[in-house]
Amino acid sequence: MSLISLKNTITIALSVSDRHASAKWYEETLGFQTIYHADEAGWSEMLTKTDGVTLGLGEHTKPAPGNCVPVFGITDLDSARDKLEQAKVKFDGETDVVEGMVKTATFYDPDGNALMLAEDLTGSA
């Protein structure tokens with residue numbers, strides 16, 4: 001039995017220098033579909049061809065290719081974080097909140113691989 005209950009979604013987050021150009025490339029090259037661009041948050045999200053899997057594009061001035069972070073959808077991030085912290089799971093700072101959009105928290109597996117939990121705050125999930 002797991003410590004927390006994840007939703008049946010995952011977002012693969014990539015670091016890119018230009019989200020709009022990258023989204024166009026993924027559309028034209030792989031047939032992905034842009035869901036939205038959140039310019040104020042430096043984030044774009046795309047539908048992949050796999051049910052429950054989206055691609056997130058995080059804009060950075062110095063992207064880190066190969067730095068891929070799986071983002072697991074969760075219903076109650078605060079409760080999940082508390083349970084993971086009680087199990088001595090290491091988190092990278094405080095929970096980030098973009099009001100009306102998303103709440104996220106980055107944590108690490110035993111080898112230092114970054115993983116993220118994300119709670120949808122839009123009311124649509």
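Residues take their numbers from the sequence shown, with the count starting at 1.
- Closest heavy-atom contact between Lys103 and Thr95: CG-CG2, 3.2 Å.
- Taking hydrophobic clusters as Ile, Leu, Val, Met, Phe, Trp and Tyr residues chained together by side-chain heavy-atom distances below 4.5 Å, Ile10 shares a cluster with Leu77.
- Taking CD of Glu94 as the reference point, atom OG1 of Thr104 lies at 12.0 Å (rounded to 0.5 Å).
- Here the straight-line distance linking atom OG1 of Thr9 with atom CD1 of Ile74 works out to 9.5 Å at 0.5 Å rounding.
- Cluster annotation: Val98 and Phe91 are assigned to distinct hydrophobic clusters (Ile/Leu/Val/Met/Phe/Trp/Tyr, side-chain heavy-atom contacts under 4.5 Å, transitive).
- At least one side-chain heavy atom of Leu115 sits under 4.5 Å from a side-chain heavy atom of Asp109.
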| task | Report the C-alpha distance between Leu55 and Leu30 in whole Å, list the side-chain angles of each, state the deciding distance to 0.1 Å, and finish with yes or no for side-chain contact (heavy atoms from CB on, under 4.5 Å). | result | CA-CA 12 Å; Leu55 180 68; Leu30 300 179; over 6 Å; no
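- Summarising the geometry of Pro70 relative to Ala114, their closest heavy-atom pair is CD-O, 3.7 Å, with the distance given to 0.1 Å.
- Between His37 and Ala23 the shortest heavy-atom distance is CE1-CB, 3.8 Å.
- In the displayed structure, Gln33 atom CD is contacted under 6.0 Å by at most 12 heavy atoms of other residues, nucleotides or ligands.
- Using a 4.5 Å heavy-atom cutoff, the side chains of Leu6 and Leu117 are in contact.
- Tracing side-chain contacts under 4.5 Å through hydrophobic residues (I, L, V, M, F, W, Y), one never reaches Leu14 starting from Val102; they form parts of separate clusters.
- The aromatic rings of Tyr26 and Phe32 sit parallel, their planes meeting at an angle under 30°, below the 60° perpendicular limit.
- Under a hydrophobic clustering in which Ile, Leu, Val, Met, Phe, Trp and Tyr are joined whenever their side-chain heavy atoms come within less than 4.5 Å, directly or via other members, Ile35 and Trp43 fall into the same cluster.
- In this structure the side chain of Gln86 never reaches within 4.5 angstrom of the side chain of Leu3, judged on heavy atoms.
- Across Thr106 and Met116, no two heavy atoms sit closer than the pair OG1-CE, 3.1 Å.
- For His60 against Ser15, the heavy-atom pair with the smallest separation is CD2-OG, 3.1 Å.
- Note that the CG atom of Asp82 and the CD1 atom of Ile4 stand 11.5 Å from one another [nearest 0.5 Å].
- Between Gly93 and Arg81, the shortest heavy-atom contact is O-NH2, 2.7 Å.
- Each of Thr11, Ile12, Val53 was compared with Thr48 under the side-chain contact (heavy atoms from CB on, under 4.5 Å) criterion, and only Val53 meets it.
- Taken together through direct or relayed side-chain contacts under 4.5 Å among Ile, Leu, Val, Met, Phe, Trp and Tyr, Met101 and Leu47 form part of one hydrophobic cluster.
- The side-chain heavy atoms of Asp39 and Arg19, taken from C-beta on, include a pair separated by under 4.5 Å.
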